[in-house]
Amino acid sequence: MPKAKETGAASAPAKKTAGRRSYRSYGKIKPAPGKSKAEPKPIKVSFLGGLNEVGKNMTLFEYGEDMFLVDCGLAFPDQDMLGVDLVLPDFTYVERNADRIRGIVITHGHEDHIGGLPYLLKVLNVPVYGTKLTVGLIQGKLREHGLLNSASLNVINPGDVITLGGFTVEAIHVNHSIPDALGLAIRCEGGTIVHTGDFKIDTTPIDGGMMDLGRLAEIGQEGVLCLMSDSTNAERPGFTESERKVGESFETLFRKAGNNRIIVATFSSNIHRVQQIMNVAASLGRKVALVGRSLENVVSISAELGYLNIPEGIVIDINMINRYPADKLVIITTGSQGEPLSALAFSDHRKVEIHPNDYVIISATPIPGNEKTVSRVVNELMKLGADVVYEKMYEVHVSGHACQEELKMIMGIVKPKYFIPVHGELKHLRKHAGLALSMGIPKENILIADNGRVAEISKKALRCTSTVPAGRVFVDGYGVGDVGSVVLRDRKHLAQDGLVIVAVCIDRESGMIVSGPDVVTRGFVYVKESEELINAAREVAVEAIEAQTDGGYFDWNSIKASLRDEISHLMYERTKRSPMILPVIMEV
């Protein structure tokens, strides 16, 4: 029986925690000899992220005393999360059950599925399982966090079955916008659950391996208790186009660019897209330069592991681009959502500057909520004289997620008793549930869950029975979890209305004002043009302090509260704005 291959680990926990056998020899789990066959317990599924949102996918499966996790991703902050770098799932419930967690299975190497791992492995060191490319990308992340030597990373291949306590998990090859993506067949005494991971059905994939629909059909014939399926594109009819379609578009557009320099913005993890860009560039005699640390890392790891075939001598350092004529250059950047690309658009990039007649191809679709940012960048690039091609104009992007006909095909092949749509916003989940209904799955057998809900799945029923902690943890710089809703509310307050500081020095014994009050504003009004308002604020501050200290007895907290209330009332009355009021009282 082949062992799980281990990489980047100091010890060999795979021998203790995981055994593997080919699915060809897989049989139904039988009760132990001498024991009567009792009714199996329900399988519990706790959704810790990835529902009613895009990102931070994380699901906990539980049967008896055994638990394991599928994915541990992150999300990128919304515009109102000022200063926040990353958003993680809440690990509280996982930490609470640390002694029962048998491992983590990762479906593929996108940030919304692996990005939270370094933060979880700092508090819970359990074996991690993923395909070769997925593990390679995880290694890069753990190296940055200083965790690589202590982590137990195990490489699995499609068809492998790993044992995690009372569970067996079979890896199934699926197509996605990154190679080596997996769906999972999760088995225990309670039944079989199929989890598709992120997928699409690509009949002409770049890497040559079509999704293993045959194996899914075999599992469907064995009997599937529940299907959990990717809902990202549940609103889109038809089938998702093959990635090869984009390669054909690149061929046409690169020739159309003529003698102009070509800049392509795409997701750094879309290795198939990068491969096609390089292939077309090589055929036209152009050199390729990479912009962005994440892109450089992914290209380096993918090439090293054999997932990216880089034509010899085609890649040049970004510092060398001025040595080549425009018609001999292709620049690949990761700013498809407006980040590094916006630096190019606003002439703020240290190494690349947009020139008139540059040919810019945005080979990605905007993440929901990011449409305005991308649109603004497109407009700025055009103002600088660039010719910009984006998704709606030509076929320069195809999704990595299945559309409606593919989703229905999977339901028809797997033939589940129950259905739970996963990975998507509520509108996606509801649409996917409607597709299941149209495929003949009864309404009572379909569950639209939410983060923090626990689904119990048994042969008798599918229902949500309880809740677990499943909020959002914010990463800001080195701080993890130290920025909460109160801090964000203060940041939003400061951003919208500014700050007014009232500083005053008071005699500790008499309560008399020794100096001040001084009024300082930031982000509220321009002081030189608002002297009357500032003077009025000083007068109100003096009156508030004297009212609190009259009579000889006074309380510092009461003085601060009174200053805050009176100044806030004045500012709103005069400006209809509510800045943050910060009283600073010094005693002498």
Side-chain angles (χ1 to χ4, degrees), residues 108-110 132-133 136-137 175-181 200 202-210 240-292 294-318 320-321 324-336 341 352 358-365 387-391 393-400:
H108 63 280
H110 280 154
K132 186 167 70 168
L133 177 61
L137 295 171
N175 301 128
H176 190 39
S177 55
I178 188 171
D180 261 10
K200 71 175 182 180
D202 193 340
T203 55
T204 56
I206 300 301
D207 58 6
M210 186 179 162
T240 303
E241 288 275 14
S242 172
E243 181 65 30
R244 287 193 188 274
K245 196 76 176 175
V246 180
E248 295 168 9
S249 295
F250 282 147
E251 183 84 36
T252 303
L253 291 170
F254 278 30
R255 293 187 184 280
K256 189 177 177 182
N259 295 326
N260 297 326
R261 186 174 63 170
I262 299 171
I263 299 174
V264 185
T266 190
F267 294 115
S268 61
S269 59
N270 199 329
I271 297 162
H272 297 147
R273 190 82 40 92
V274 173
Q275 179 71 72
Q276 293 188 101
I277 294 168
M278 288 188 174
N279 290 346
V280 177
S283 70
L284 298 176
R286 289 180 180 254
K287 299 292 185 181
V288 174
L290 307 175
V291 177
S294 63
L295 179 63
E296 291 173 8
N297 289 343
V298 170
V299 167
S300 174
I301 291 168
S302 302
E304 184 181 332
L305 296 176
Y307 291 90
L308 191 62
N309 180 24
I310 302 176
E312 190 173 347
I314 193 174
V315 176
I316 61 170
D317 189 273
I318 192 65
M320 305 282 286
I321 60 174
Y324 292 85
D327 63 343
K328 297 296 180 186
L329 271 179
V330 175
I331 298 172
I332 308 177
T333 176
T334 55
S336 58
L341 193 62
V352 183
D358 273 347
Y359 201 76
V360 181
I361 302 170
I362 301 179
S363 181
T365 186
D387 191 357
V388 185
V389 177
Y390 45 98
E391 184 204 6
M393 296 170 61
Y394 298 93
E395 291 172 324
V396 291
H397 175 70
V398 297
S399 177

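These numbers were taken from a predicted model, which means no experiment stands behind them. Counting begins at 1 with the first residue of the sequence.
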Salt bridge (Lys or Arg N to Asp or Glu O under 4.0 Å) partners of Glu296, counting only residues at least two apart:
none

Beyond-backbone contact of Ser363 with Arg273, side-chain heavy atoms, under 4.5 angstrom
yes

Among residues two or more places apart or on two chains, list those pairs meeting side chain to side chain donor-acceptor pair (under 3.5 Å) that have a residue in residues 301-313.
Asp180-Tyr307

Note, Val274 side chain near Leu295 side chain (heavy atom, < 4.5 Å):
yes

With sequence neighbours left out, which residue pairs that include part of residues 257-272 fulfil the salt bridge (Lys or Arg N to Asp or Glu O under 4.0 Å) condition?
Arg261-Asp358

So which of Ile321, Ile316, Ile262, Val264 actually passes side-chain contact (heavy atoms from CB on, under 4.5 Å) with Ile331?
Ile321

Residues passing the side chain to side chain contact (heavy atoms under 4.5 Å, CB included) test with Ser294, sequence neighbours excluded, are Ser268, Thr334

For Asp317, the side chain to side chain contact (heavy atoms under 4.5 Å, CB included) test, sequence neighbours excluded, returns Asn319, Met320

Within a strict 4.5 Å, meaning less than it, do heavy atoms of the Arg244 and Val246 side chains meet?
no

What residues form a ring pair (Phe, Tyr, Trp, His ring centres under 6.0 Å) with Phe254, not counting sequence neighbours?
Phe250

Asp202: partners by side chain to side chain donor-acceptor pair (under 3.5 Å), with sequence neighbours left out
Ser242

Is the shortest side-chain heavy-atom distance between Tyr359 and Leu253 below 4.5 Å?
yes

With sequence neighbours excluded, what pairs up with His108 under the ring pair (Phe, Tyr, Trp, His ring centres under 6.0 Å) test?
His110, His113, His176

Between Ile301 and Gly136, which heavy-atom pair has the shortest distance, and what is it?
CD1-O, 3.7 Å

Looking at side-chain heavy atoms only, is the closest gap between Ile361 and Ile263 below 4.5 Å?
no

Anything under 3.5 Å between a donor and an acceptor, one on a side chain of residues 276-291, the other on a protein residue two or more places apart or in another chain? List them.
from: Gln276; atom 1: OE1; to: Gly247; atom 2: N; distance (Å): 3.3
from: Gln276; atom 1: NE2; to: Glu243; atom 2: O; distance (Å): 3.2
from: Gln276; atom 1: NE2; to: Glu243; atom 2: OE2; distance (Å): 3.3
from: Asn279; atom 1: OD1; to: Gln275; atom 2: NE2; distance (Å): 3.0
from: Asn279; atom 1: ND2; to: Gln275; atom 2: O; distance (Å): 3.4
from: Ser283; atom 1: OG; to: Val280; atom 2: O; distance (Å): 2.6
from: Arg286; atom 1: NH1; to: Asn260; atom 2: O; distance (Å): 3.1
from: Arg286; atom 1: NH1; to: Ala326; atom 2: O; distance (Å): 3.3
from: Arg286; atom 1: NH1; to: Leu329; atom 2: O; distance (Å): 2.8
from: Arg286; atom 1: NH2; to: Gly258; atom 2: O; distance (Å): 2.9
from: Arg286; atom 1: NH2; to: Asn260; atom 2: O; distance (Å): 3.1
from: Lys287; atom 1: NZ; to: Gly313; atom 2: O; distance (Å): 2.8

Run the side chain to side chain contact (heavy atoms under 4.5 Å, CB included) test against Thr252 and tell me which residues pass, sequence neighbours left out.
none

Under the side chain to side chain donor-acceptor pair (under 3.5 Å) test, which residues partner Glu251, sequence neighbours left out?
Arg255

Is there a donor-acceptor pair closer than 3.5 Å between any side-chain N or O of Lys200 and the backbone N or O of Ser177?
no

Is any side-chain heavy atom of Val389 closer than 4.5 Å to one of Ile362?
no

